[in-house]
Peer 1: 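One structure is given below, represented as structure tokens, and several questions about it will come after.
Basis for what follows: all heavy atoms, side chains included, without hydrogens, waters or symmetry-related copies. Naming: A, B, ... by sequence-line order, numbering from 1 per chain. All values reported here derive from a predicted model rather than from experimental measurement.
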Amino acid sequence: MDFNHQQIEKKWQEYWDQHKTFQAQDKSDKPKYYALDMFPYPSGQGLHVGHPEGYTATDIVSRYKRAQGFNVLHPMGWDAFGLPAEQYAIKTGNNPATFTNENIQVFKKQIKSLGFSYDWSREINTTDSNYYKWTQWIFEKLYEKGLAYEDEIMVNWAPDFPGGGIVVANEEVIDGKTERGGYPVYRVPMRQWVLKITAYADRLLDDLDDLDWPDAIKEQQRNWIGRSIGAAVVFDVQDHANQTVEVFSTRPDTLFGASYLVLAPEHELVDHIVTADQKAVVEAYREKIAAKSDLERTDLNKEKSGAFTGAYAINPVNGDKLPIWIADYVLASYGTGAVMGVPAHDQRDWDFATKFDLPIVPVIEGGDVTQEAYTGDGLHINSDFLNGQEKQAAIDTIIDWLTEHKAGTKRVNYRLRDWIFSRQRYWGEPIPVIHWEDGTQSLVPEDELPLRLPEMKQEQMKPSGTGESPLANATDWLNVTRADGVKGRRETNTMPQWAGSSWYYLRYIDPKNRQMLADPEKLAYWSNIDLYVGGAEHAVLHLLYARFWNKFLYDLGVVPDKEPFHKLVNQGMILGENHEKMSKSKGNVVNPDEIVAEYGADTLRIYEMFMGPLTQSKPWSDEGVTGSRRWLDRVWRLLIDDEGRVRDHVTTYNDGKLDKIYNMTVKKVTEDLENLRFNTAISQLMVFINEAYKVDGLPIQYMNGFVQMLAPFAPHLAEELWQRLGHENQSISYVDWPQYNPEALVDDTIEIIFQVNGKVRGKASMDRNADRDAMIAAAQADDNVQNFIAGKEMVKVIAVPGRFVNMVVK
RNA sequence: GCCGCUGUGGCGGAAUUGGCAGACGCGCUGGACUCAAAAUCCAGUGGUGGUAACACCGUGUGGGUUCGACUCCCACCGGCGGCACCA
């Protein structure tokens, strides 16, 4: 008879709840282990089969670590601010808070049905004012340190976004479109809140080296930060004695090859230097550019464009007159917003110079600059004092020269921009700032935090579409008066969804603390996170922002570690049966609730872990699910008879037949768990069960050990078996992990492979201590080996005792 | 275009430091049980040839290093992901 998963799973989930089995201890002599999942956004869609994959992985590790004697912190919470709830609220008239809480309840029920060993007493919710009080507190600290500021900057404006136009961060723009929904993004100047993540650029880059993270993610962060080292070079402008143009170049050694300068169209100098006869051309060009979205400026428009300002700059190194152009291939937001055009040695400049017929002067030997730019190394030519030098030497020389002549300096630039932090939305943390009518600005005092979101009606929640936030409609909340009678208006923008998730891992450590973000002693005990599992899609959003906030909090002395997540693992995606990404439109979506109802949570857990390596994407298979259930039934039947009693062949007598396979299994499963190789661990458990079916007597000791090893994977079934095997009133969760006896793994005889010219021609069972000569003799005596060596000249014999003999013949 | 990952049976995937390729599971085939079916248990299952022993071929393609290569090196092809005028 098969086991009744519905009954067993309900029973043990209730047991765990009632006994608070998985509550982490705040104070303990045990070593700690902190296993964290990326907390979900509780969407109305409910759980997806991708969620349980990462959650099962951390749950297995958590259960394994508890059995190893660790005090384990394994929490779960809700990243519950976000646009979908607000859009739904606007559409239906629901309150986003109510709606969000309903979604959370659905998610929680689904997650609980999978039997994860979360410490639910530490559950957090980013939309809870007791939580976002501290999100606001961190913002205030950033503000006080000058790292949160308001500025008129070029922002990413997505006017078509559902529910009204919105500003998004650079990290949220993919191919000139919004990361969510794919709406076109335009660069427009707006007054917005910005966090100075660039102040941490070097540390964010350098500290990546010590992290145990997937290379792909580290590489993405490195690219995103994009540090480049070069020089700033200052050019005087002809006929404008008080104007200079500063350019940034990673190749200052090519300065003698500069034939023009290019400013970004938005560069402030343009208006000052443009000549009367070029003014119309420049203005027309700027208008054309302004109407383009980012996508049109990059992807769809590889052809260079630009306009001549009529002005000339003076090359500091040789006094040459260089025409100053504007062109949109130069970005206002990077470097100084101006470049020197060296067409001979930069492909972009070459394209531009070719189009506008500007001179191309080679200054490095090599390549054919009439065909394309030459970017390789070589000896400098046409370069006065740099002639004959190679690239690096020339760079050093020119930087010295520029510094000495006050015409430039060494300079480091980053691709990383400051984090655009304000959103024109209702459903987010209010930014705790007040704008006073006397023109000053102040923070909401710390003792007045949290600054709660006001309740709003459906129609008030709609953004105006002009960039004004809906909170501007909350008149009672909006207006404040100071003790001295000065009137003020609250900041109406809210924080982006990434705010709450940038520090949530800290709050689990002390979730109910009203005095501080978290108790320093508790932080010291639990830091750092030992294992963090989540999807790779957060490579440069959540993971970069969280590192930034952690470093800031570290500088404040609030957190003890300079990095939040020492070990990060990205689970692969679970694809549909047709090997494509699951999506409603493709009709290949699997609902975990159905699997749990029909086959049980243990089956889903085993199946998702057995599919393949955690980090790899792999397709779903309904037949694979039934196979996993079949195996659990097979385990059950091995031990339990039709009446629900332990079978007679489970015995205290050990005939030794399972000694080797049992000890091998303990060894392999333990090692695999340490390395998150869940698929091969399960496969080893299967091998053990196959062997157990072949013998007459099942030693109770081995069956206990097996059930313990099964417990992290299939906890409900394992608890039930554990109880039936005679362990009444005891959860398996804290029973010591089984040990193996290395001696049991060693056989007296070993199979030795006989090779001829590297090909296997025979094998024989030999004493494990057989020496080289004995092995070679045995090989030569083998009939089939004889067929291949007879009459041939023996060139060489390689023999590794205990393994193989290889005879090389000619 | 640049960077990272990846390519193994019909399918998902195994394979310490280079040392028996295909563990385990799915699927399929056969057998046992059954009046029969399902379920279960047992066995087989990379291809070709052979009754068999065994032989030859085989880890994306082509070369190389080695006694020996899925594993290391070079070149190329396909798939996935990221970045993409960042000077």
Peer 1: If you assign each of A:Trp224 and A:Thr336 to its closest nucleotide in RNA chain B, which residue comes earlier from the 5' end?
Peer 2: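 The answer here is A:Trp224.
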Peer 1: Just say parallel, tilted or perpendicular for the rings of A:Tyr545 and A:Trp419, cut-offs at 30° and 60°.
Peer 2: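 Rings of A:Tyr545 and A:Trp419: parallel, under 30°.
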Peer 1: Return the set of residues passing ring pair (Phe, Tyr, Trp, His ring centres under 6.0 Å) with A:Phe352 (not counting sequence neighbours), or none when no residue passes.
Peer 2: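 In terms of ring pair (Phe, Tyr, Trp, His ring centres under 6.0 Å), with neighbours along the sequence ignored, A:Phe352 is linked to A:Tyr260, A:Trp325, A:Tyr329, A:Phe356.
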Peer 1: Under the ring pair (Phe, Tyr, Trp, His ring centres under 6.0 Å) test, which residues partner A:Phe706, sequence neighbours left out?
Peer 2: A:Phe688
Peer 1: From OH of A:Tyr599 over to P of B:A39, roughly how many Å is that when rounded to an integer?
Peer 2: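 For the pair A:Tyr599 OH and B:A39 P, the rounded distance is 12 Å.
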Peer 1: Heavy atoms under 4.0 Å is the rule here; annotate nucleotides 44-53 of chain B 5' to 3' with B where the base is hit, S where only the sugar-phosphate is, and - elsewhere.
Peer 2: ----------
Peer 1: Counting only side-chain heavy atoms from C-beta out, which of B:A87, B:C56, B:C42 sits nearest to A:Arg761?
Peer 2: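 Of the candidates, B:C56 comes closest.
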Peer 1: Please collect all side chain to side chain donor-acceptor pair (under 3.5 Å) contacts where either partner lies in residues 603-616 of chain A, sequence neighbours excluded, each pair once.
Peer 2: A:Asp59-A:Arg605
Peer 1: With a 4.0 Å cut-off on heavy atoms, is A:Asn784 in touch with a base, just the backbone sugar-phosphate, or nothing at all?
Peer 2: sugar-phosphate
Peer 1: Taking the P atom of each, how far is B:G10 from B:A23, in whole Å?
Peer 2: 14 Å
Peer 1: Do A:Asn170 and A:Trp224 have side-chain heavy atoms sitting under 4.5 Å apart?
Peer 2: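 Yes, their side chains come closer than 4.5 Å.
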Peer 1: Between A:Val687 and A:Thr250, which has a closest nucleotide on RNA chain B that is more 5'?
Peer 2: A:Val687
Peer 1: Within the 4.0 Å heavy-atom criterion, would you say A:Gly627 contacts the bases, only the backbone, or no part of the nucleic acid?
Peer 2: sugar-phosphate
Peer 1: Tell me which nucleotide among B:A87, B:G27, B:C41 gets nearest to the side chain of A:Arg634.
Peer 2: B:C41
Peer 1: Under 4.0 angstrom, heavy atoms only, what part of the nucleic acid is A:Arg222 near: base, sugar-phosphate, or nothing?
Peer 2: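 Counting heavy atoms under 4.0 Å across all strands, no contact is made by A:Arg222.
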Peer 1: For a quick check of understanding: with a heavy-atom distance under 4.0 Å over all strands, which category does A:Tyr693 fall into, base, sugar-phosphate or nothing?
Peer 2: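 Answer is sugar-phosphate: A:Tyr693 comes under 4.0 Å of backbone atoms only.
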Peer 1: To the nearest angstrom, how far is A:Ile682 atom CD1 from B:C26 atom C1'?
Peer 2: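 In whole Å, B:C26 C1' lies 15 Å from A:Ile682 CD1.
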Peer 1: How long is the line joining CD1 of A:Ile661 and C1' of B:C24, in whole Å?
Peer 2: 12 Å
Peer 1: Can a cation-pi geometry be assigned to A:Arg761 and A:Phe788, taking NZ or CZ under 6.0 Å from the six-membered ring centre and within 45° of the ring axis?
Peer 2: yes
Peer 1: Give me the distances for all protein-to-nucleotides 66-69 of chain B N/O pairs that come in under 3.5 Å?
Peer 2:
unit_1	atom_1	unit_2	atom_2	d
B:C67	OP1	A:Lys796	NZ	3.3
B:C67	O2	A:Asn806	ND2	2.3

Peer 1: Using whole Å, report how far CG of A:Asp782 lies from P of B:C20.
Peer 2: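 Atom CG in A:Asp782 sits about 17 Å away from atom P in B:C20.
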Peer 1: What does the B/S/- profile of nucleotides 1-16 of chain B look like, 5' to 3', with a 4.0 Å heavy-atom cutoff to protein?
Peer 2: --SS-------BSS--
Peer 1: OP1 or OP2 of B:G25 less than 4.0 angstrom from a side-chain nitrogen or oxygen of A:Asn690, does that happen here?
Peer 2: yes
Peer 1: Starting at CD of A:Gln347 and ending at C1' of B:A84, how long is that distance when rounded to a whole Å?
Peer 2: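 Taking atom C1' of B:A84 as the reference, CD of A:Gln347 is at 15 Å.
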Peer 1: Could you spell out the base pairing of RNA chain B as a dot-bracket line? Use Watson-Crick and G-U wobble contacts where both distances are under 3.5 Å, [ ] for crossing pairs, | for partners on a different strand.
Peer 2: (((((((..(((......[....)))((((((.......))))))((((....))))..(((((..]....))))))))))))....
Peer 1: Looking at residues at least two apart in the chain, or sitting in another chain, which of them share a side-chain contact (heavy atoms from CB on, under 4.5 Å) with A:Gln371?
Peer 2: A:Asp368
Peer 1: Of all residues at least two apart in sequence or in a different chain, which pass the ring pair (Phe, Tyr, Trp, His ring centres under 6.0 Å) check with A:Tyr200?
Peer 2: A:Phe548
Peer 1: Look at A:Ser228 and B:A87 and indicate whether a side-chain polar atom (N or O) is within less than 4.0 Å of OP1 or OP2.
Peer 2: yes
Peer 1: So, is A:Lys759 near the phosphate of B:C54, with a side-chain N or O under 4.0 Å from OP1 or OP2?
Peer 2: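 Looking at the OP1 and OP2 atoms of B:C54, neither is under 4.0 Å from any side-chain N or O of A:Lys759.
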Peer 1: Taking OH from A:Tyr334 and C1' from B:A87, how many angstroms apart are they, rounded to a whole number?
Peer 2: 7 Å
Peer 1: Enumerate the residue pairs fulfilling salt bridge (charged side-chain N to carboxylate O under 4.0 Å, His left out) with a member in residues 784-802 of chain A, sequence neighbours excluded, ordered by first and then second residue.
Peer 2: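 For residues 784-802 of chain A, and leaving out neighbouring residues, there are no salt bridge (charged side-chain N to carboxylate O under 4.0 Å, His left out) pairs at all.
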Peer 1: Kindly write out the residues that satisfy side-chain contact (heavy atoms from CB on, under 4.5 Å) with A:Glu372, not counting sequence neighbours, or none if the list is empty.
Peer 2: A:Gln347
Peer 1: If the cut-off is 4.0 Å, is A:Arg637 near the phosphate of B:C41, judged by side-chain N/O to OP1 or OP2?
Peer 2: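 Yes, A:Arg637 has a side-chain N/O under 4.0 Å of OP1/OP2 on B:C41.
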Peer 1: Got a sec, which pairs hit salt bridge (charged side-chain N to carboxylate O under 4.0 Å, His left out) with one end in residues 619-630 of chain A, sequence neighbours left out?
Peer 2: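 Non-adjacent pairs meeting salt bridge (charged side-chain N to carboxylate O under 4.0 Å, His left out): A:Arg629-A:Asp633.
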Peer 1: Of all the choices, B:A84, B:C85, B:A87, which nucleotide is nearest to the side chain of A:Asp328 once you look at every atom?
Peer 2: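 Of B:A84, B:C85, B:A87, B:C85 is nearest to the side chain of A:Asp328.
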Peer 1: Where the side chain of A:Phe788 is concerned, which of B:A84, B:C42, B:C56 is the nearest nucleotide?
Peer 2: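 That would be B:C56.
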